[in-house]
Novice: 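This structure is in structure tokens; I'll ask about it shortly.
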2 protein chains.
Amino acid sequence: MREDDDFLRLDRQVCFPLYAASNLFGRLYRPVLAELGLTYPQYLVMLVLWEQAPQSVGAVGERLHLDSGTLTPLLKRMESAGLVTRQRDATDERRVLVGVTAQGVALRDAARAVPQTLASGLGLSAAELSDLRATVQHLVGVLATAEAEVS
Amino acid sequence: MREDDDFLRLDRQVCFPLYAASNLFGRLYRPVLAELGLTYPQYLVMLVLWEQAPQSVGAVGERLHLDSGTLTPLLKRMESAGLVTRQRDATDERRVLVGVTAQGVALRDAARAVPQTLASGLGLSAAELSDLRATVQHLVGVLATAEAEVS
DNA sequence: AGCAGTTATATTGTGTGCAATATAATTTGA
DNA sequence: TCAAATTATATTGCACACAATATAACTGCT
């Protein structure tokens, strides 16, 4: 094996632990969120809408770094579940405004325990979690910039 | 908005930047790996197999934190593409051994440039990348432990 | 006014992820 | 020894992600 090949070792990759951590986090969230009737991406949408609603599909997608190909079917499922509303913006009919139903607002109370429930199971200190969050948030900024430069 | 609700703010979540970074990384890798005829998870499988082959499906899955429900169809596509082989282990017929074809071995030469290509596009120093990797690798260990404790 | 270019969302097709279940092979223990 | 429990992979069904494309609506420009 040549020296160059060391860069192809799995434990040298930066992307792989991110990928694995994201999957593992999703698996941890799943049973907790299932009690709320949400998947993890749906939970993220609710976090965005609980902060402000209504918002356009594009605005939600910009916040979550997701496009309409992912969000449209996801939002339709959430609409069927009675959590959100979808209606064309009267002032710009190209846009669809996503709102929160009374049931969606009520769900926020049940969701309040979720972050603590999951954090407590990890055995990491608040400081460690905060450092980790800041570090990866910075990376997301770098990656989003790199993505924007390409297109 | 009550104090408790602050924990539900998107920018307070640890999981979300991991999720977003994983997706954004996948988007950055996609065009580069497409030239090799690989998706990102397939690339990870090749990294594992280039280190050692053959390996059982379970061994690959343990390394990548993926199960047979994900790996079986993925490996079948890679087999169809002529990159890997799949055959029952003669000593334990429950297991399937995944090997690398000559074409799969040859692909390693083309892949050697991938890590550098992507890292150079980010504008992060080697030290920053190394710190980030170590930090998230540690998290993966914590999450994998938490997962194991549940089951 | 009206057409070209742009914008916002929807659709289609492919490839993951994963829980639940099924199937087949191995191991264990009475 | 042989049936029960365990193990390894495969299958099924559902929900993302995303590129490519389609469609409808808006904006600018003449």
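Just so it is clear: chains get the letters A, B, ... in the order the sequence lines come, proteins before strands, and each one is counted from 1.
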Novice: Given atom CG of Leu64(A) and atom C1' of dC18(D), what is their separation to the nearest angstrom?
Specialist: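 Interatomic distance, CG of Leu64(A) to C1' of dC18(D): 15 Å.
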
Novice: Under 4.0 Å from any atom of DNA chain D, heavy atoms only: list the residues of residues 10-23 of chain A that qualify, in numerical order.
Specialist: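 Heavy-atom contacts with DNA chain D come from no residue of residues 10-23 of chain A; none.
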
Novice: Whole angstrom is fine here: how far is it from OH in Tyr43(A) over to C1' in dC16(D)?
Specialist: 18 Å

Novice: Mind checking if Leu71(B) touches a base, just sugar-phosphate, or nothing, with heavy atoms under 4.0 Å?
Specialist: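 If one applies the 4.0 Å heavy-atom cut-off, Leu71(B) turns out to touch nothing in the nucleic acid.
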
Novice: Within the structure provided, determine whether Tyr43(B) and Leu8(A) are in side-chain contact (heavy-atom separation under 4.5 Å).
Specialist: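 Answer yes - side chains close enough.
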
Novice: In whole angstrom, give the distance that lies between atom CG of Leu38(A) and atom P of dA15(D).
Specialist: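 So the two atoms are 13 Å apart, to the nearest Å.
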
Novice: In whole angstrom, give the distance that lies between atom CD of Gln87(B) and atom P of dA10(D).
Specialist: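 For the pair Gln87(B) CD and dA10(D) P, the rounded distance is 13 Å.
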
Novice: Are OP1 or OP2 of dA10(C) and a side-chain N or O of Arg86(A) less than 4.0 angstrom apart?
Specialist: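 It does, given that an N or O in the side chain of Arg86(A) lies less than 4.0 Å from OP1 or OP2 of dA10(C).
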
Novice: Under the 3.5 angstrom rule, does the side chain of Gln13(A) hit a backbone N or O of Arg9(A) as a donor-acceptor pair?
Specialist: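 Answer holds: yes.
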
Novice: Which whole-number value in Å describes the distance from Leu74(B) CG to dC16(D) P?
Specialist: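 Rounding to the nearest Å, CG of Leu74(B) and P of dC16(D) are 21 Å apart.
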
Novice: Between Tyr19(A) and Phe25(B), does the ring centroid distance fall short of 6.0 Å?
Specialist: no

Novice: Between dG15(C) atom C1' and Leu75(B) atom CG, what is the distance in whole Å?
Specialist: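 For the pair Leu75(B) CG and dG15(C) C1', the rounded distance is 13 Å.
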
Novice: Specify the closest pair of heavy atoms between Ala119(A) and Leu129(A), including all atoms of both residues, with the distance to one decimal.
Specialist: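 Smallest interatomic distance, heavy atoms only, reads CB-CD1, 4.0 Å.
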
Novice: Reckon Thr72(B) has a side-chain N or O less than 4.0 Å from the OP1 or OP2 of dT11(D)?
Specialist: no

Novice: Just wondering, are more than 12 heavy atoms of other shown residues or ligands nearer than 6.0 Å to CD in Glu79(B)?
Specialist: yes

Novice: For the residue pair Val100(A) and Val105(A), what are the closest heavy atoms and their distance?
Specialist: CG1-N, 3.4 Å

Novice: Of the nucleotides dT16(C), dT9(C), dA15(D), which one has an atom closest to the side chain of Val96(A)?
Specialist: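 Of the candidates, dT9(C) comes closest.
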
Novice: Report the residues that fulfil side chain to side chain donor-acceptor pair (under 3.5 Å) with Glu128(A), sequence neighbours left out, ordered by chain and then residue number.
Specialist: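 Only Ser125(A) meet the side chain to side chain donor-acceptor pair (under 3.5 Å) criterion with Glu128(A).
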
Novice: How many Å lie between CD on Gln42(A) and P on dA17(D), as a whole number?
Specialist: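 Between P of dA17(D) and CD of Gln42(A): 10 Å.
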
Novice: For Lys76(A) and dT11(C), is the shortest distance between a side-chain N/O and OP1 or OP2 below 4.0 Å?
Specialist: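 Result: yes.
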
Novice: For His138(B), look at atom NE2 and say whether over 12 heavy atoms of other residues, nucleotides or ligands are found less than 6.0 Å away.
Specialist: no

Novice: Within the side chain of Arg63(B), is there an N or O that forms a donor-acceptor pair under 3.5 Å with the backbone of Val48(B)?
Specialist: no

Novice: Quick one: which of dT11(C), dG17(C), dT9(D) gets closest to the side chain of Pro41(B)?
Specialist: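 Of dT11(C), dG17(C), dT9(D), dG17(C) is nearest to the side chain of Pro41(B).
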
Novice: N/O contacts under 3.5 Å, protein versus nucleotides 19-28 of chain D?
Specialist:
residue: dC26(D); atom: OP1; partner: Glu93(A); partner atom: N; Å: 2.6

Novice: How many Å lie between CG on Leu66(B) and P on dG15(C), as a whole number?
Specialist: 17 Å

